[in-house]
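Working notes for the structure below.
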Amino acid sequence: GNGVSCPVDAVILCLGRSMLMPKLPAEVAYDDAGAPELNRNCRTSLPGLYIIGDACRGRFRQVGIAIGDALVAAMHVAQTLGKVR
């Protein structure tokens, strides 16, 4: 098809009413509230690690926000890999 593919080490999905975020690598920086710090592309301080949707939005848990985050992160990954301009 016309899709873009790339190898990954892991994809972690957090689903359900109570999010249980797995322990993140030590290289990930956290903000004062204890949440992972993200840039505008949903990337953490560890290159290649993105956090999207409810896992990063605190009380703003909406499917539309999660979808938007996913699109931003996916487009950034594709751009980083040279798959899009």
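Keep in mind that what you see is a predicted model, and the values were worked out from it rather than measured. Below, all heavy atoms of this structure are taken into account, side chains as well, without hydrogens, waters or symmetry copies.
Between Pro25 and Leu46, the closest heavy-atom pair is CG-CD2, 3.6 Å.
Between Ile51 and Thr44, some side-chain heavy-atom pair lies under the 4.5 Å cut-off. Looking at heavy atoms from C-beta onward, Tyr30 lies in side-chain contact with Leu24 at the 4.5 angstrom threshold.
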Mind listing the side-chain donor-acceptor pairs of residues 34-41 below 3.5 Å, one per line with the distance, residues two or more places apart or on another chain?
{"unit_1": "Asn39", "atom_1": "OD1", "unit_2": "Asn41", "atom_2": "N", "d": "2.8"}
{"unit_1": "Asn39", "atom_1": "OD1", "unit_2": "Cys42", "atom_2": "N", "d": "3.3"}
{"unit_1": "Asn39", "atom_1": "OD1", "unit_2": "Arg43", "atom_2": "N", "d": "3.1"}
{"unit_1": "Asn41", "atom_1": "ND2", "unit_2": "His76", "atom_2": "NE2", "d": "3.4"}

